[in-house]
Amino acid sequence: MTNHWIDIQHSDCILIQGSNAAENHPISFKWVMRAKERGAKLIHVDPRFTRTSSKADFYAPLRSGTDIAFLGGMIKYIIDNNKIFHDYVVNYTNAPFLVDGKFGFKDGLFSGYDADKRGYDKSTWTYQKDAGGIILRDETLKNPRCVYQLLKAHYARYDLKKVSSITGTPEKDLKTVYEMFSSTGTKDRAGTVMYALGQTHHTVGVQNIRALAIVQLLLGNIGVCGGGVNALRGEPNVQGSTDHALLYHYLPGYLSAPRASQQTLESYIKKITPATTEAKSVNWQSNYGKYAVSLLKSWYGDAATKDNEFGYAWVPKAEDGKDYSVMTLFDVMYAGKIRGMTVFGQNPACSIPNSNKVRAAFAKLDWMVHLNIFDNETASFWKGPGMDPAKVKTEVFLLPASASVEKAGSQTNSGRWIQWRYEATKAPGDCIYAGEAIIRIQNKLKELYQKEGGTFPDPILNMTSDGLAEKGGYDAEKVAKLINGYFLADVEIGGKQYKKGDCVPSFALLQADGSTSSGNWICAGSFAQDGKNLMQRRGKADPTGLGLYPEWSFAWPVNRRVLYNRASCDPSGKPYNPKRAVLEWKDGKWVGDVPDGAPPPLAAEGGKLPFIMKPDGVSSLFGPGLGDGPFPEHYEPLESPLAKNLMSTQQNNPAILLYNSDKDMVASADARFPIVMTTYSSTEHWCTGAFTRWQTWLTEAMPQAYVEMSEELAKEKGIKNGDKVRVESARGKLECVAMVTPRFRPFLVNGKTLHQVGMPYNYGWRFPEGNGDSANLLTPTVGDANAMTPEYKAFMVNVVKV
Amino acid sequence: MADGKSILVDVSRCTGCRGCQVACKQWNGLPGTKTKQTGTYQNPPDFSHQTFKVVRFEDGRTKDGKTYWHFFSDMCRHCMNPPCLAGAQGDEMIHDDATGAVVYTEGTSKSDFEMSLSVCPYNIPRQDPDTKVMRKCTMCFDRITSGLTPACVLSCPTGAMVFGERDAMLAEAKRRVDILKKTWPKAQALNADDVRVIFIVTDDPLKYHKYAAGV
């Protein structure tokens, strides 16, 4: 989230698109309902009428996988009707920047496309510069090569009629949503966007979010109280796990993971620290070298020295351009190229797309080590449907883990609050913390390498064991301190003394010379210099009256509660909306939230631009950083009901990775699979249900796999409510119960009636017996072009009565 | 007796999350019963001697084609003058002076269950088939007499359920209905003078549940 949960109450118009917040983030509705009671309007845009829709002032249906068309239409509406927040767009976005003359877009492709590589040469996705390297601008926004005019031209194609024929949303509904939400492009009104997996689970997932960001920037809704682009993160510490580099392409704190072409620390740091010619840009990423070195110091301790590049050579390097995401992992495993696997607290047999492929891949392994609180479909895959235990060679070790409530540690919520929690009860029997299991494995590996040697033992042997354990056991607070970071020598910075062993109270103090450590720079400051754990704070002071609660836990970065908050003020530092002033420049200093960058506001002496994490200091309407285009463009999902994309001859996102195993059948615009399907989670279960299916109060409430469908489709198929049906895709099939409901309706897409069905992925064959299996038996192995998030939300099926 | 306690259930704020349904089972030590998916989110399908709280789900389309989905977190209304007491043979049913809660004891195995059920406008009482004891919501009598909030109310994330002194709840009900009427002309508090568990609905009560407003 750019903002935080409590802030939702301040919004004047809440757009929930690609999220079923009421069901999947029930507590969010505490704040949504408060906003509504203040007079705010709630809009829900979704393929399904859900518990969220039931509370909306306006519900608009859209076909799964067409959000960019929907939002492209909104961008056009905002521009055509001059609903933009003009000062904000001119001063705080790259709208005035002049783009390179060779940049172009034609028939679904941006300039520089290479069909063989399925990717772009982005050398034309740049700006025109003067002799001094300064970006050329036109603040009147009239120059045909300025970002604003290119944006306008790009979305001119997204007229109401075209958008409606793609999305299936009636034209009058489109217009209503556009009017309602664009009413927030004024100083005194704020609009917020709440989104979740309904936006990300697509081959255009990242561009969906980009489209939302463009809408919010045009309306001046980023950085303001009651605004923002707010990702609703899940209960399994989703925010914390991404912060700590759950994904392969990041190191902790969103530092890019090193690639093979970056063999030296210097070349790596050069890659991650962008330069700028913009004098008024803070360009905070220029500090990333300090964070990278401090990270290496936290990993390798005294073994990391200036002479050995702080151990950079010991960090694994990914091949350039090669994907290592979870779907590729299973593709390679299915090809028999992986011998062993550790699975900690996951259930990929049900959670990863194309479960038949995943389960077959497990059988190619020699061994699997599985750490969990319960047995699940992954640990027991060898006795699952279609498996002959006598023929499966994989040896599975199931280790007992403690549950989340049986552990102390931090949990990071969507608003980036890193909150400490305590062990509520001891875990039963031999169950241990996952952290303890990792320490024991690390120690054993070190012992074996010391005893037996081996190829390149350095990364393991040099990994520090200091600061992980206390009295022989994993110590969550010590690990948290290691993540926060220490001073490794007595130093003086800015006239202030710091002693060796003190906690680093802010990432602004981290150094590139090896005198500091930090396991994750964004967490620096979660401990005070004296070692006080600020994540444990529960102070209720509310100095702004806006519910920022700065003494409650610790929010990364540096306890800032609203990101980009300097953009809530005009260039002189006066809040655009004084009634909800998250920040104000007063008597030569910032008052309110922790400012996003200490320098004065833009117009003051020494003033700086507000988007300090962007090299040019402004936010990106034109976003050349992504792999699939600087403007979001509508492409059909990999499996689509349409044989032809109505926007261009590019049917799918041209930069997605395609898989070709014999389990990767795709059936697009195929008469055998005429129904669009989407998958989701119910309130009552958690992820694949591996946690909750054992809980009788929850299985009582949601006992069995079901597929939701319209009365119209049911009639066509001769299906009655409660009937047993079979759902089939090109990759798999499963039986479940039909839920026939007026909440689903057919769509009119490109002049034809189209049906969509939906199914939760909360079930598995293991328990309760006979209650269904995973909806991921049906989903395709394909992901987003930038993030490889699987396309769980839009693919094609058929439904038949059993 | 003072005016005692009341629970206000404002369905306009309810998202049907069923936290209350599960919290009720948890506090009262009631088992999850074996259910089947029959084509609805509503499960278990109805009250039983092991289920005192059921969130009822009703979906449909209005005359102008708009979809609706109503949630009704059904429970004993703890009537001001409880008709179910007619089934009592002695003092096995308690109508508490201080709180106004209606509580069945183990002694209800001797009560006239059919009588109690037939006179209940809200179809609440249920009987354990083995012990013949009658069971239903106690307003979390053990909690509220120890200064705690009923388990269902405590679990509610949106403030759809509120617990407090009856006069305060009646005032809040009036305040909410006045606000809601501007958007939903049919908004009303159901039988507020007769019951302690007061439901505010925004549509025809029969669209939520057959017995929402009593028979």
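Quick note on labels: first sequence line is chain A, next is B, and so on, each numbered from 1. For the numbers below, each heavy atom of this structure counts, side chains included, while hydrogens, waters and symmetry mates do not.
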Can you tell me if NZ on K717(A) sees more than 12 non-hydrogen neighbours from other groups inside 6.0 Å?
yes

Minimum heavy-atom separation for E700(A) to N43(B), with atom names?
O-CB, 3.3 Å

Atom group of R34(A) that falls short of 4.5 Å from chain B, counting heavy atoms
neither

Which of E708(A), M702(A), R745(A) touches chain B most, by non-hydrogen pairs under 4.5 Å
R745(A)

With a 4.5 Å heavy-atom cut-off (strictly below), which parts of residues 679-691 of chain A touch chain B? List them by number.
T683(A), E684(A)

If the contact rule is any heavy atom under 4.5 Å from chain B, which residues of residues 734-742 of chain A qualify, in numerical order?
V737(A), A738(A), M739(A), T741(A), P742(A)

Please state whether the side chain, the backbone, both or neither of S12(B) comes within less than 4.5 Å of a heavy atom of chain A.
backbone

K733(A) atom NZ, neighbour heavy-atom count above 12 within 6.0 Å
no

So, taking the atom named OH in Y68(B) and the one named OG in S53(A), what distance separates them when rounded to the nearest 0.5 Å?
15.0 Å

So which part of S28(A) gets closer than 4.5 Å to some heavy atom of chain B, the side chain, the backbone, both or neither?
neither

Mind ranking Q704(A), R743(A), M33(A) by heavy-atom pairs under 4.5 Å with chain B and telling me who comes out on top?
R743(A)

Take R176(B) and E37(A) through the test side-chain contact (heavy atoms from CB on, under 4.5 Å) and record every step on the way to the result.
CA-CA 10 Å; R176(B) 286 293 299 162; E37(A) 278 160 31; 3.5 Å; yes

Taking only heavy atoms into account, what residues of residues 24-40 of chain B are found under 4.5 Å from chain A?
K25(B), Q26(B), L30(B), P31(B), G32(B), T33(B), T35(B), K36(B), Q37(B), T38(B), G39(B), T40(B)

How many angstroms lie between CH2 in W69(B) and CZ in R51(A), if you round to the nearest 0.5 Å?
5.5 Å

Side chain to side chain, F71(B) and K55(A), heavy atoms closer than 4.5 Å
yes

Which one, H70(B), Q21(B), K66(B), R13(B), leads in non-hydrogen pairs under 4.5 Å with chain A?
R13(B)

When you look at CD of E179(A), are more than 12 heavy atoms from neighbouring residues, nucleotides or ligands closer to it than 6.0 Å?
yes

Tell me, side chain or backbone of F744(A) under 4.5 Å from chain B's heavy atoms, or both, or neither?
backbone

Residue-level interface, residues 134-161 of chain B with chain A, non-hydrogen cut-off under 4.5 Å
P157(B), T158(B)

I need the minimum non-hydrogen distance between W697(A) and V22(B), along with the two atoms involved.
CE3-CG1, 4.0 Å

